[in-house]
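As structure tokens, the structure follows; a few thoughts come after it.
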Amino acid sequence: MKSRKVEPPDGGYGWVVVMSAFFTMGLTAAVLKNFGHFFIEIQNHFGVQASTTSWVTSTTIAMLHLGAPAASAMTLQFSQRVVIMLGGLLATLGMVLASLDLSLPWLYLTMGILQGTGLSFSWISANSMVSHYFVRWRPIAFAIASSGECVFAVMFSPFFKWLIDTYSWRGALLIIGGLQLNLCVCGALMRPLKKTTRPAQDTKDSLEGDATTLLAKRRTFFQCFLMRKPEFFLYILFAIFSAAGFFIPPLFLVPFASSLGMDKYWPAMILSVLASADLAGRLICGWIANMRLVRNLQLLTMVATLLGVVLLLLPISQNYWAILVFASLYGFLFGCVVAIHVTAIVDIVTLECFDSGLGLFMLLRSIGGFTGPPAAGWLVDYTNNYNVAFYLSGVCLIVSAAFVVLVDRLVHKRREAAEPQVYCAIDQQEDWETAKAESDTVT
């Protein structure tokens with residue numbers, strides 16, 4: 001007998017997986033999104049420039065993406081459950097060691113490399129699990145799971161600020177590390193899909209084909225042949241530029257608001273409102289994507305372009321309420337992008353190559369995540385003005401949207417070219433069945 005995976009159940013225990021992924025997103029991405037609260041504290045503690053401090057966050061972001069291929073490979077060797085639990089242990093270890101406050105390079109190692117690797121293992125595996133449990137409801141399932149980042153970010157923003165004021169930034173890191181240990185519980189709930197059995201094939205060719213398939217699956221994270229697909233290569237360019245723009249605003253929004261003379265808890269409230277708008281964007285855009293009113297890539301182009309425009313306009317705000325309006329628009333559009341930019345990979349490389357495509361997507365996306373915040377920090381140091389950070393972010397996102405336009409055209413042309421072949425194959429199958437029926441009747 002030979003085992004094979006069942007088809008995605010599109011429900012049932014899959015909703016438990018979605019809720020587990022919901023908490024996983026909260027304990028990974030929401031923590032990273034609130035790193036801005038530690039920016040000024042670390043900068044003042046070590047007496048360094050903004051560009052030097054931003055390397056802590058950029059290292060975390062880089063490891064979040066660089067760990068993706070390893071996470072994809074480990075899910076094939078073990079399971080998503082094991083990888084998520086391992087990620088929780090690494091994330092906790094990173095925060096606990098960072099609280100020792102040995103030096104700034106020590107933070108690069110612990111808060112950056114260890115924490116980022118742990119976040120990557122948990123985040124990638126949770127997304128992979130959701131994609132394997134759903135087909136029809138995949139967009140809305142992803143939207144619900146990713147909304148955990150927003151819900152937790154709303155709570156974490158004032159909570160982290162309170163922790164810093166009460167226990168110092170070092171004590172806050174220690175407590176946050178303890179919270180991230182709950183990722184092990186989330187991983188335990190990620191039940192792998194059961195396998196069914198089928199009779200072993202009698203022919204040697206079939207056995208060799210099964211062996212080849214198994215070998216290809218175990219080496220899927222090395223499938224760099226995907227880069228030969230022009231649409232996937234362009235989507236990688238979108239990933240690089242969008243990542244460069246994504247992680248700049250959450251890092252510099254708190255320092256920007258503080259530079260305008262706002263009280264210490266007002267910037268925290270801005271991040272909470274931003275996260276609430278982010279949640280609305282994810283759910284609404286996930287619902288729209290599930291209705292198939294427009295193609296996912298078309299929708300992604302529109303929201304990414306609008307997001308870039310909002311970030312270019314954000315620096316004109318010079319008071320709390322103006323910043324709040326632009327931060328809300330940014331959060332809503334950011335949520336729209338996040339809700340569909342991962343599921344769009346399936347449209348480009350198909351579900352069979354999704355794990356490999358996601359791993360490669362995250363790996364190369366690290367280029368933007370690693371260079372974006374330090375580049376913005378260098379511009380802030382050079383101009384002594386936080387506005388330039390948002391200008392850089394907006395330009396990167398608008399450029400990324402241009403690449404999505406090209407991807408959509410290529411994917412659409414490929415599908416149009418494939419349709420006649422599909423209809424021809426169906427006609428041939430029908431003719432063969434008709435001829436066989438007539439032959440059986442004559443016999």
Side-chain angles (χ1 to χ4, degrees), residues 5 17-18 20-32 59-95 111-133 142 145-146 148-149 180-193 216-224 226-227 232 235-236 239-240 243 247 338 341-343 345-346 349 351-370:
K5 287 186 178 180
V17 170
V18 170
S20 178
F22 175 90
F23 283 93
T24 301
M25 300 300 135
L27 293 170
T28 54
V31 172
L32 179 59
T59 303
T60 310
I61 295 169
M63 294 309 302
L64 173 64
H65 297 86
L66 289 172
S72 298
M74 291 177 68
T75 57
L76 296 172
Q77 184 67 33
F78 304 103
S79 67
Q80 286 91 343
R81 169 184 286 172
V82 173
V83 179
I84 292 174
M85 296 176 73
L86 177 60
L89 293 175
L90 288 174
T92 299
L93 181 63
M95 284 302 209
M111 199 173 172
I113 296 177
L114 283 178
Q115 171 75 189
T117 304
L119 299 186
S120 178
F121 283 10
S122 298
W123 190 90
I124 290 292
S125 301
N127 275 291
S128 174
M129 202 67 169
V130 173
S131 70
H132 283 83
Y133 261 88
F142 265 111
S146 65
E149 172 186 339
Q180 289 184 312
L181 193 59
N182 287 286
L183 286 168
C184 296
V185 179
C186 297
L189 293 172
M190 292 291 191
R191 186 173 69 192
L193 285 170
K217 288 183 178 180
R218 290 189 177 277
R219 294 179 179 177
T220 186
F221 66 101
F222 287 123
Q223 288 179 343
C224 292
L226 288 174
M227 292 297 293
F232 187 71
Y235 201 67
I236 290 297
I240 293 172
F247 300 105
V338 171
H341 81 296
V342 171
T343 58
I345 297 176
V346 179
V349 302
L351 180 60
E352 288 74 16
C353 296
F354 174 77
D355 285 345
S356 178
L358 179 60
L360 200 55
F361 176 86
M362 296 295 291
L363 172 66
L364 298 176
R365 188 185 180 195
S366 65
I367 298 172
F370 187 65

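No hydrogens, no waters, no symmetry mates; every other heavy atom, side chains included, goes into these values. This chain uses plain numbering: 1 for the first residue, then up along the sequence. Because the structure is predicted, anything quoted here is derived from the model rather than measured.
- When all heavy atoms of F232 and F361 are compared, the pair lying nearest together is CZ-N, 4.4 Å.
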Show the numbers, then the answer: is there a side-chain contact (heavy atoms from CB on, under 4.5 Å) between L90 and F121? CA-CA 9 Å; L90 288 174; F121 283 10; 4.1 Å; yes

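- Between F370 and A62 the shortest heavy-atom distance is CD1-CB, 3.3 Å.
- Judged purely by atom type and a 3.5 angstrom limit, Q180 uses its side chain to pair as donor or acceptor with the backbone of L27.
- Between S122 and T28, the shortest heavy-atom distance links the atoms CB-CG2, 4.0 Å.
- Formation of a donor-acceptor pair under 3.5 Å by the Q115 side chain with backbone atoms of A91 is found in this model.
- No donor-acceptor distance shorter than 3.5 angstrom exists from the side chain of T24 to the backbone of A126, with no hydrogens or angles considered.
- S79 contributes no side-chain N or O that, together with a main-chain N or O of T75, makes up a donor-acceptor pair within less than 3.5 Å.
- In terms of the ring-ring contact (aromatic ring centres under 6.0 Å, His included) criterion, F22 has no residue partners (sequence neighbours excluded).
- Judged by distance alone, the side chain of T117 and the main-chain N or O of I113 form a donor-acceptor pair under 3.5 Å.
- With values rounded to the nearest 0.5 angstrom, I236 atom CD1 is found 9.0 Å from I367 atom CD1.
- Atom CG of residue N127 and atom CD1 of residue I345 lie 9.0 Å apart, to the nearest 0.5 angstrom.
- Atom OH of residue Y235 and atom NE2 of residue H341 lie 6.5 Å apart, to the nearest 0.5 angstrom.
- For R81 (side chain) and A188 (main-chain N/O), a donor-acceptor pair under 3.5 Å exists by modelled atom type.
- Note that SG of C184 and CG of L189 are 11.5 Å apart. Values are rounded to the nearest 0.5 Å.
- Shown here for M25 and A145, the closest heavy-atom pair between the two residues is CG-O, 3.2 Å.
- Here the CE atom belonging to M111 is positioned 6.5 Å from the OG1 atom belonging to T60, to the nearest 0.5 angstrom.
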Do S128 and Q80 pass the side-chain hydrogen bond (donor to acceptor under 3.5 Å, both in side chains) test, and can you show the C-alpha distance, the side-chain angles, and the key distance before you say yes or no? CA-CA 8 Å; S128 174; Q80 286 91 343; 3.2 Å; yes

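- Rounded to the nearest 0.5 angstrom, L183 CG and I84 CD1 are separated by 8.5 Å.
- Here the side chain of S20 pairs a donor or acceptor atom with the backbone of C186 at under 3.5 angstrom.
- Nearest heavy-atom pair across T92 and L181 is OG1-N, 3.2 Å.
- In this structure the side chain of M74 never reaches within 4.5 angstrom of the side chain of V82, judged on heavy atoms.
- The minimum heavy-atom distance linking R191 with M129 is given by the pair O-CE, 2.9 Å.
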